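Just so it is clear, the structure is predicted and the values come from calculations on it, not from any experiment. In what follows, every chain begins at residue 1, and chains take the letters A, B, ... in the order their sequences are listed.
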There are 2 protein chains.
Amino acid sequence: MATLANCIVMMDEGIDRVGELVPQMPAAEARMCRLMLMLGATIDRELEAKLKPNKLNHSEFLTLMILYSRPDGSSTPGELCEFTTQGATNMTRIANALVKRALITRGSSKDDRRRVLIRITPAGRRFVQKVLPPMFPQVGAMFTGFSAGDMRQFDRLLRKLAGNLDQLGEQRLP
Amino acid sequence: MATLANCIVMMDEGIDRVGELVPQMPAAEARMCRLMLMLGATIDRELEAKLKPNKLNHSEFLTLMILYSRPDGSSTPGELCEFTTQGATNMTRIANALVKRALITRGSSKDDRRRVLIRITPAGRRFVQKVLPPMFPQVGAMFTGFSAGDMRQFDRLLRKLAGNLDQLGEQRLP
DNA sequence: CTAGTTTATTTCACTGGTGAATTATCAATC
DNA sequence: GATTGATAATTCACCAGTGAAATAAACTAG
């Protein structure tokens, strides 16, 4: 099996070596960047594995969770696209899949009949309440050994990084 | 456009709300987890966008960089699978693509003829040296405002998280 | 009322990645 | 030295997700 630790060792050596060949490279930043990519992908795989027994994939899960988290349990395809960073094409497919399983309903909005109103059903709520708790242990285990201070720091640093990424994105689409 | 900051605001509210409905949830950990997923995906998209003009995708780039970082510039498909966390099937495709562009060569190993030896070509090295520097500004910009201490902390926390993820993976495949 | 814009859906072609079976080689054992 | 089993890479058929373009319906502003 390819342990994350192995990959990291190898990545560290790789960056050192590339840093010798291309000295202008911001090595420390590149390292962080790769770490974020590796960990993000790993967590993604972990989550996907947890969801598979329930015949859900990541974007379907996310969509369902957003609806579940809304006080009125409803949203629109456009809004869901925005927050799940999915294309409209895919959101239609996701909605189709969730409607077929009766976890959500699709209806047209009263005041703007172009809009489609997507709403989580009682069965959808029950489904979330069944699916969610079994993933708590893993989520907790990811942060064993993190002190309260560690969590605060981590949160701060991730949000700071998010801010930088936003700026970086803006200047690419001017 | 869907700014990361917006998604985060929405995620925070969502987790608060779900936390009320399902109180056993480890809210702080779930928040970190989602942050990692969002940032990882964003960095991934950013990288992919930077690579697209060069007709490379993430896994091809990674493969090429590993080869570039090796003192002898060579590896085998199996090893590359391990470090890129790709299936063997996909590695064959990646190698095909890179061979077609003459960035790598494929030859069979002398001492074990099952093994294929993949080696970066001089053109491959030149290609990396051309492609790499233009991404340095972005990589640097991702961490503007990070003090030396911030970088140290961030590195420490990410590696700690990696350790936990490894343990979590082990106990799923016993 | 008309022209233009927004919202959602559908279709199509394409990319990236996966699982199952296949082929070739090696290593071990009888 | 033939047989069995493991390992490395490839091939094939398939799926999920994407981007672009076309369509349709409904809203908005002049």
Side-chain angles (χ1 to χ4, degrees), chain A residues 1-2 37 40-42 44-45 47-49 51-52 54-63 67 74-101 104-119 173, chain B residues 1-2 37 40-42 44-49 51-64 67 74-101 104-119:
Chain A
M1 180 192 46
L37 285 168
T42 304
D44 205 318
R45 275 193 301 275
L47 175 57
E48 211 94 43
L51 291 176
K52 183 157 264 177
N54 303 107
K55 314 278 186 213
L56 273 188
N57 66 27
H58 192 161
S59 41
E60 291 164 350
F61 173 69
L62 201 51
T63 304
L67 291 170
S74 74
S75 183
T76 66
E79 201 186 16
L80 291 169
C81 283
E82 203 175 329
F83 291 129
T84 58
T85 53
Q86 294 284 325
T89 300
N90 211 28
M91 189 50 67
T92 302
R93 204 180 47 73
I94 292 170
N96 285 339
L98 296 180
V99 166
K100 192 183 298 180
R101 297 176 62 180
I104 65 172
T105 58
R106 233 195 303 220
S108 54
S109 164
K110 291 262 159 40
D111 43 330
D112 181 345
R113 290 208 305 256
R114 288 169 303 181
R115 275 194 153 79
V116 168
L117 251 194
I118 291 181
R119 169 167 288 124
L173 303 194
Chain B
M1 180 189 48
L37 285 168
T42 303
D44 206 316
R45 276 193 300 274
E46 210 71 39
L47 175 57
E48 211 94 42
L51 292 176
K52 183 155 263 175
N54 304 105
K55 315 277 185 212
L56 273 188
N57 66 28
H58 193 162
S59 42
E60 292 164 351
F61 173 69
L62 201 52
T63 305
L64 199 56
L67 292 170
S74 75
S75 182
T76 65
E79 200 186 18
L80 290 169
C81 283
E82 204 176 329
F83 291 130
T84 58
T85 53
Q86 294 285 325
T89 302
N90 209 30
M91 190 48 69
T92 303
R93 201 179 49 72
I94 292 171
N96 285 340
L98 295 179
V99 166
K100 193 182 297 180
R101 298 175 63 178
I104 66 172
T105 59
R106 230 192 311 216
S108 53
S109 164
K110 292 260 157 40
D111 43 331
D112 183 344
R113 289 209 305 259
R114 288 171 303 182
R115 276 196 154 76
V116 168
L117 253 194
I118 290 180
R119 171 166 287 122

Can you sort out the partners of [X] under side chain to side chain donor-acceptor pair (under 3.5 Å), two or more places apart, ordered by chain and number?
| X | answer |
| --- | --- |
| A/R101 | none |
| B/T92 | none |
| B/S59 | B/N57 |

Tell me: [atom1] of [X] to [atom2] of [N], nearest whole Å?
| X | N | atom1 | atom2 | result |
| --- | --- | --- | --- | --- |
| A/N96 | C/dA8 | CG | P | 14 Å |
| A/E79 | C/dA8 | CD | P | 10 Å |
| B/R115 | C/dT25 | CZ | P | 15 Å |

Quiz item: Is atom CZ of B/R113 surrounded by more than 12 heavy atoms (other residues, nucleotides or ligands) closer than 6.0 Å?
Solution: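 No.
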Quiz item: Taking protein heavy atoms under 4.0 Å as touching, what does nucleotides 11-22 of chain C look like 5' to 3' if B marks base contact, S marks sugar-phosphate-only contact and - marks none?
Solution: B----SBBBB--
Self-check item: Contact letters for nucleotides 22-28 of chain D, in which S counts primed atoms plus P, OP1 and OP2 and B counts the base, heavy atoms under 4.0 Å
Solution: ---BBS-
Exercise. Apply salt bridge (Lys or Arg N to Asp or Glu O under 4.0 Å) to A/R114 and list each qualifying residue two or more places apart in sequence or on a separate chain.
Key: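 A/R114 satisfies salt bridge (Lys or Arg N to Asp or Glu O under 4.0 Å) with A/D112 once adjacent residues are dropped.
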Self-check item: Listed partners of B/E79 passing salt bridge (Lys or Arg N to Asp or Glu O under 4.0 Å), at least two apart
Solution: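 B/R70.
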Self-check item: Partners meeting side chain to side chain contact (heavy atoms under 4.5 Å, CB included) with A/T89 (sequence neighbours left out)
Solution: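 Residues passing side chain to side chain contact (heavy atoms under 4.5 Å, CB included) with A/T89: none at all.
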Self-check item: side chain to side chain contact (heavy atoms under 4.5 Å, CB included) partners for B/R93, two or more places apart
Solution: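 Applying side chain to side chain contact (heavy atoms under 4.5 Å, CB included) to B/R93 gives B/N90.
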